[in-house]
Amino acid sequence: MRLSKFHLATVKEVPADAEIVSHRLMLRAGMIRKLAAGLYTWAPLGLRVLRKVEAIVREEMNRAGAVELLMPAVQPRELWEETERWERFGGQLLKIKDRKDAEYCFGPTHEEVITDFARAELHSYKQLPLNFFQIQTKFRDEIRPRFGVMRAREFLMKDAYSFHLSADCLEREYWNMYETYSRIFTRLGLKFRAVQADAGAIGGNVTHEFHVLADSGEDAIAFSDGSEYAANVEMAEAVAPLQERPVATAPLERVATPTQKTIDEITAFLAVSSQACVKTLLVRGCTGLVALCVRGDHEINEVKAAKLAELPGESVLADEAEIIKAIGCKPGFIGPAGLPESIPVIVDRSAAALADFVCGGNADGTHYRGANWDRDARITRVADLRKVVDGDPSPDGKGHIRLARGIEVGHVFQLGTKYAEALKATVIDQSGKNHVMTMGCYGIGVSRIVAAAIEQNFDASGIVWPEPMAPWRVALCVINPKNDAAVTAAAESLYAELGVRGVDVVLDDRGLRPGGMFADMELIGIPHRVVISERGIAAGTFEYRARRDSESRQLSRDEVLALF
RNA sequence: CGGGGUAUAGCUCAGCCUGGUAGAGCGCUAGCUUUGGGAGCUAGAUGUCGAGAGUUCGAAUCCCUCUACCCCGACCA
């Protein structure tokens, strides 16, 4: 490609509200332009990168045995009613009408369509297993689109859906996809982690998210420094402390804490550590309030709490009025000692291992010190309730938990029979009976990967692409071509030779001054730069510099060619 | 949906408080000079000041309504 025939549109300024690095750099490099909230045009430069990611994803999906197809982006309401998701999917579902007032949605995902396809196409167990995939534009009407293409409303996704006769077969394909995803992100040159994730309302046994590690990531992930264990923080198990609970030594003592409500205030006022306190929260249970206790230095994990049998599937804090009515004190003074019998007390493992602890006195302005389980406070049940913290022992017993931030770029999921059942997608099995197919689904956020890669690979000058997704691998910068025909000739010759060798090369023949040219090539992150100049030609050399290098080298033509 | 903010040249923004007829930088056009880290000089072109309705002799500026966009939060199979 000759840059003079391309539309490279770098800019110096960027709107003040473009906050994260990838968004700013994508705008500055001229990769994307915003059309409306959460809607972006992929300019030629951005599209080159997007296509490279897409190609690698496609290649690896094909290699893994998946079969590509392409489904409509627009889907009829009736299909979504069969799975009852027309209403349930919520506001993210963009609903549209055609000229006859028939209703459709712009597909946020394609379980319905693929299952409809499968029920029409697949009749015999002999056709299974099968994994269909597509790379296609999705639309989710996010409440708050932000961060450019990182969380856009319209985005490019690779989604795959597999069909099986048995859960065992699904499990095999699941791990096949897991391996495939690992290969994809490795090939893309990204630092990533596969983490155990929350299966959510769908159920299913195992689900993994693939996260690109970046400080700006929206998700928190926990991983072990001593093993392969990694999980979304929502899911990461907080194991019980190794030590048994010490025996009670202190008497229960009520102390006045007139205005001290928070753990910070209590620890300062009573000169105790937060690890020696028990924090009690009241949530709305299935039948009245439920008390959840964690250690003072820990926080409740709401996802874990929501799964408790005593809770209705979500954890909602009781409000002040409810608390006063039930216990007679304000939040801030609640404790497990002396709670009404009707309130179950569910205690986190770490909190349950405390003795002689400080907790709320269940009366305004008082706390207890020297409180002990069993003797002073009832434990209905011990459970894993808290968020893991950095340094916790790893749940697999090897190493310690470290926390990192990640950007979710992939998700593999064992769906089971939910959709196949709702849509009656069956095949005839070996015994001649109808058999509901078991499904898996596997998503990759193709457009999000582009932004995530930048979050992980940039410097003060701009983007530093991993080679496999760079818009071009090599840039040839021609300096003052008008002054010396030999410079142009050398550049053209090198450009032609690299082209013949199949190197993805771009010739910057725009005639810019050197500063502008270098700044552009660095901003758009081209991994390799070769400068062709009058003084180089005189010396018989080309100047080579990798994007990550701090200095350049003088190379002969052959040496340059040997690099690629 | 709750709270906060913004909308002015192609882009990024100032001007608004305190009403008097439109600005800067970048970009763009032309010319001259310059040519290894986003050049300099000269000359130019460019605006329904988001929309509508008010107050006023006069509105980018004040009031009201609407729309779009952004930030924080809640939400995120």
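When reading the values below, keep in mind they use all heavy atoms of this one structure, side chains included, and skip hydrogens, waters and symmetry mates. Labels below follow one simple rule: chain letters A, B, ... track the order of the sequence lines, proteins then strands, and each chain is numbered from 1.
- Rounded to whole Å, the distance from CD1 on A:Ile20 to P on B:rC70 is 14 Å.
- Nucleotides B:rG54 and B:rU65 have their C1' atoms positioned 10 Å apart, rounded to a whole Å.
- Residue A:Arg513 places no side-chain N or O under 4.0 Å from the OP1 or OP2 atom of B:rG38.
- By the 6.0 Å and 45° rule, A:Arg529 stacks over the aromatic ring of A:Phe518.
- Under the Watson-Crick or G-U wobble criterion, with both distances below 3.5 Å, B:rG2 is paired with B:rC72.
- Of the P atoms belonging to B:rG5 and B:rC62, the separation is 14 Å, rounded to the nearest Å.
- Using the Watson-Crick or G-U wobble rule with both distances under 3.5 Å, B:rG37 pairs with nothing in any strand shown.
- Between A:His528 and A:Phe564, the ring centre distance stays below 6.0 Å.
- Taking only side-chain atoms of A:Ile143, from C-beta outward, the nucleotide of B:rA74, B:rA77, B:rG25 with the closest atom is B:rA74.
- B:rU18 is unpaired under the criterion used here, namely a Watson-Crick or G-U wobble arrangement in which both key atom distances are under 3.5 Å.
- Regarding A:Leu317, its CG atom lies at a distance of 12 Å from the P atom of B:rA74, rounded to whole Å.
- Side-chain contact check for A:Thr541 and A:Arg557: no donor-acceptor pair (N or O, by modelled atom type) lies under 3.5 Å.
- Nucleotides B:rG19 and B:rA60 are separated by 10 Å at their C1' atoms, to the nearest Å.
- Across B:rG58 and B:rG44, the matching P atoms stand 35 Å from one another, rounded to whole Å.
- What separates CD of A:Glu19 from P of B:rC69 is a distance of 17 Å, to the nearest Å.
- A cation-pi arrangement is absent between A:Lys95 and A:Trp80, since the terminal nitrogen or guanidinium carbon is not both under 6.0 Å from the aromatic centre and inside a 45° cone about the axis.
- For B:rC75 and B:rG10, the P atoms lie 42 Å apart once the distance is rounded to whole Å.
- Across B:rA53 and B:rC16, the matching P atoms stand 26 Å from one another, rounded to whole Å.
- Taking the six-membered ring for Trp and thresholds of 30 and 60 degrees, A:Tyr442 and A:Tyr174 have ring planes inclined between 30 and 60 degrees apart.
- Dashed line: the shortest gap from a side-chain N or O of A:Lys12 to OP1 or OP2 of B:rG27 is under 4.0 Å.
- Straight-line distance from the OH atom of A:Tyr544 to the P atom of B:rG36: 23 Å, rounded to whole Å.
- Nucleotides of RNA chain B nearest to A:Gly515 and A:Glu142 differ in position, and the one nearer the 5' end is that of A:Gly515.
- B:rC76 atom C1' lies 14 Å from atom CE of A:Met157, rounded to whole Å.
- For the C1' atoms, the distance from B:rC49 to B:rA9 is 10 Å, rounded to whole Å.
- Counting to the nearest Å, the P atom of B:rA74 and the CZ atom of A:Arg151 are 12 Å from each other.
- What separates CZ of A:Arg144 from P of B:rC69 is a distance of 14 Å, to the nearest Å.
- Nucleotide B:rA51 forms a Watson-Crick or G-U wobble pair with B:rU65, both donor-acceptor distances falling under 3.5 Å.
- In this structure, the nucleotide among B:rC69, B:rC75, B:rG37 sitting nearest to the side chain of A:Glu522 is B:rG37.
- Note on A:Glu543: a base of the nucleic acid sits closer than 4.0 angstrom, heavy atoms only.
- As rounded to the nearest Å, B:rC1 and B:rU46 have P atoms that lie 42 Å from one another.
- Using a 4.0 Å heavy-atom cutoff across all strands shown, A:Asp520 reaches at least one base atom of the nucleic acid.
- For A:His411 and A:Phe413, the gap between ring centers is short of 6.0 Å.
- When heavy atoms are screened at a 4.0 angstrom cut-off, A:Arg545 is found touching base atoms of the nucleic acid.
- The side chain of A:Ala36 lies closest to B:rC69 when the candidates are B:rG38, B:rC69, B:rG36.
- With hydrogens and angles left out, the side-chain atoms of A:Glu112 and A:Thr83 include a donor and acceptor closer than 3.5 Å.
- Nucleotide B:rU29 has B:rA43 as its partner under the Watson-Crick or G-U criteria, with both atom distances under 3.5 Å.
- Counting any heavy atom pair closer than 4.0 Å across all strands shown, A:Lys34 reaches sugar-phosphate atoms only and no base atom.
- When distances are taken from the side chain of A:Arg140 to each of B:rA77, B:rG38, B:rC69, the shortest belongs to B:rA77.
- Residue whose closest nucleotide on RNA chain B sits further toward the 5' end, between A:Phe518 and A:Phe147: A:Phe518.
- As judged by a 4.0 angstrom heavy-atom cut-off over every strand, A:Val14 is placed among residues touching the sugar-phosphate backbone only.
- Residue contacts for A:Arg33: at a heavy-atom cut-off of 4.0 Å it reaches no nucleic acid atom on any strand shown.
- Residue contacts shown for A:Arg529 include a base, since a base heavy atom lies under 4.0 Å away.
- Contacts of A:Pro15 with the nucleic acid, taken as non-hydrogen atoms under 4.0 Å apart, involve only primed sugar atoms and P, OP1 or OP2.
- A donor-acceptor pair shorter than 3.5 Å can be found between the side chains of A:Glu209 and A:Asn232.
- Candidate nucleotides B:rG36, B:rA77, B:rG73 were compared by shortest atom distance to the side chain of A:Phe413, and B:rA77 ranks first.
- Between B:rC72, B:rG37, B:rC76, one nucleotide has an atom nearer to the side chain of A:Gln92 than all others, and that is B:rC76.
- Remark: P of B:rG37 and CG of A:Asp549 are 19 Å apart, rounded to the nearest angstrom.
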